[in-house]
Amino acid sequence: PIAEAMPKAKAAALKALEIDETLAEAHAALGLVNMSYEWNWPAAEVEFTRAIALKPNYAIAHQRFGLFLHLQARFDKAVREMQLAVELDPLSPQLCGSLATTLFLMRDYDQALREAQKAIEMDSHHQPTQYLLGRIYAQQGKLTEAIAIFEKLHAADDAPIFTAALGSARGDGGPRLAGYSDRPAATRVAAARQIARRVALDRLGAAEEEVAAPPADDVVLLDLCEQPAPAVLALLERHGETEMHRLCDGLQVVRIDDD
């Protein structure tokens, strides 16, 4: 579990730096903990910058710093870091996939597709890249291809993120995911939150666009991942999973009444 792994990773990185403060790998590891677990953005940037200064050819440090930058919607710099990581380690499907993800969030779907396909050629079983490829196809309107990928992923691993992706693709252009509404409430909530996180990341790609603030008594689907389970279930029961997927993809606002 992350709650156990991350504190141990931080402790190990700090211990390593006590022994040798110039270890780029330890700084990069500490930056990852600051970024993805403690949400300490300034500290994360300091650690990634330090790691790169100490070891400029360390591909993973550039990749993690690129991830940090794209989470900050600093996409131009993020792409440069990701491209440098790929140049340093061109045979890594993980790094190619990371570059493809950043391009996807920038809505450069054609280039993202090319990079994702490179990663798939190196490792056809890499689930994160397969999932990304399905997302790209969905954004390009190639729903048949997207559904085929999500069906394969869902058959191999009934994880909420794959369930949500398949339901979303089918809701946009195909039959509804059979039996989805019959799943346990916890699974439906988890899948809904995965969709909300996906939309939140996609929203970063449109940071330059003006988005009107919703009324205070509305619940924005972008914030769905922060809502308690009863509120999520109320949304599902009121609108249905397929309709929720459509609303998510349209970045619309859905009111959840108290009654």
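This is a predicted model, so every value here is computed, not measured.
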(message) Let me confirm one number: the CG-NE2 distance from L84 to H62, rounded to the nearest 0.5 Å.
(response) 4.0 Å

(message) Any heavy-atom pair between the side chains of H126 and I120 that's under 4.5 Å?
(response) no

(request) Kindly compute the distance separating OH (Y131) from CG (D157), expressed to the nearest 0.5 Å. (result) 12.5 Å

(request) Would you give the length of the straight line joining atom CG of L69 to atom CE of M35, rounded to the nearest 0.5 angstrom? (result) 10.0 Å

(request) Could you tell me whether K118 and E115 have a side-chain N and a carboxylate O separated by less than 4.0 Å? (result) yes

(message) Which heavy atom of I52 sits nearest to which heavy atom of A61, and what is that distance?
(response) CG1-CB, 3.9 Å

(message) With a 4.5 Å cut-off on side-chain heavy atoms, are Q140 and D110 touching?
(response) yes

(request) Answer yes or no: is there a side-chain heavy-atom contact under 4.5 Å between Q94 and Q63? (result) yes

(request) Flag yes if I136 and L153 sit in one hydrophobic cluster, no otherwise; membership is Ile, Leu, Val, Met, Phe, Trp, Tyr, and two members link when side-chain heavy atoms are under 4.5 Å apart. (result) yes

(request) Check the side chains of Q117 and E121 for a donor-acceptor pair under 3.5 angstrom, ignoring hydrogens and angles. (result) no

(message) If you compare all heavy atoms of S124 against all heavy atoms of Q130, which two are closest, and at what distance to 0.1 Å?
(response) O-NE2, 2.5 Å

(request) Assess the pair F162 and F150: is the distance between their ring centroids shorter than 6.0 Å? (result) no

(message) Do L103 and L113 make a side-chain contact, defined as non-hydrogen atoms from C-beta onward lying under 4.5 Å apart?
(response) no

(message) Can you list everything that forms a side-chain contact (heavy atoms from CB on, under 4.5 Å) with E45? Sequence neighbours excluded, please.
(response) T49, F65, F68, R74

(message) Set out, in order, the CA-CA distance, both residues' side-chain angles and the distance that settles side chain to side chain donor-acceptor pair (under 3.5 Å) for R114 and Q111, then state yes or no.
(response) CA-CA 5 Å; R114 285 189 284 272; Q111 187 61 30; 2.7 Å; yes

(message) On a heavy-atom basis, which atom in A169 and which in I147 lie closest, and how many Å separate them?
(response) CB-CG1, 3.7 Å

(message) Apply side chain to side chain contact (heavy atoms under 4.5 Å, CB included) to residues L30 and L17 and explain how you reach the verdict.
(response) CA-CA 10 Å; L30 193 55; L17 291 173; 4.1 Å; yes

(message) Quick check: closest heavy atoms across K55 and A24, and the distance to 0.1 Å?
(response) CB-CB, 3.5 Å

(request) Evaluate the side-chain proximity of E145 to I149: yes if any heavy-atom separation is below 4.5 Å, no if none is. (result) no

(request) Can you measure from CG (L132) to SG (C96) and round to the nearest 0.5 angstrom? (result) 11.5 Å

(request) Answer yes or no: is there a side-chain heavy-atom contact under 4.5 Å between S36 and M6? (result) yes

(message) Rounded to the nearest 0.5 Å, what separates atom CG in N34 from atom CZ in F48?
(response) 8.0 Å

(message) Taking the side chain as everything from C-beta on, heavy atoms only, tell me whether K10 gets closer than 4.5 Å to E38.
(response) yes

(message) Check for me, please, whether L54 and I19 land in the same ILVMFWY cluster - side-chain distances under 4.5 Å, paths through other members count.
(response) no

(message) Restricting to non-hydrogen atoms, name the atom on G66 and the atom on M82 that form the minimum distance, rounded to 0.1 Å.
(response) C-CE, 3.5 Å

(request) Identify the two heavy atoms, one from A26 and one from A16, that lie closest to each other, and give their separation to 0.1 Å. (result) CB-CB, 4.0 Å

(request) Determine whether L71 and F75 fall in the same hydrophobic cluster, where Ile, Leu, Val, Met, Phe, Trp and Tyr are linked whenever their side-chain heavy atoms lie under 4.5 Å apart. (result) yes

(request) Could you check if a side-chain atom of L99 sits within less than 4.5 angstrom of a side-chain atom of L95, using non-hydrogen atoms only? (result) no

(message) Hydrophobic clustering (ILVMFWY, side-chain heavy atoms < 4.5 Å, transitive) - are V46 and W41 grouped together?
(response) no

(message) Regarding H27 and E21, do their side chains bring together a donor and an acceptor under 3.5 Å, going by distance alone?
(response) yes

(request) Can you measure from CD (Q127) to NZ (K152) and round to the nearest 0.5 angstrom? (result) 10.0 Å

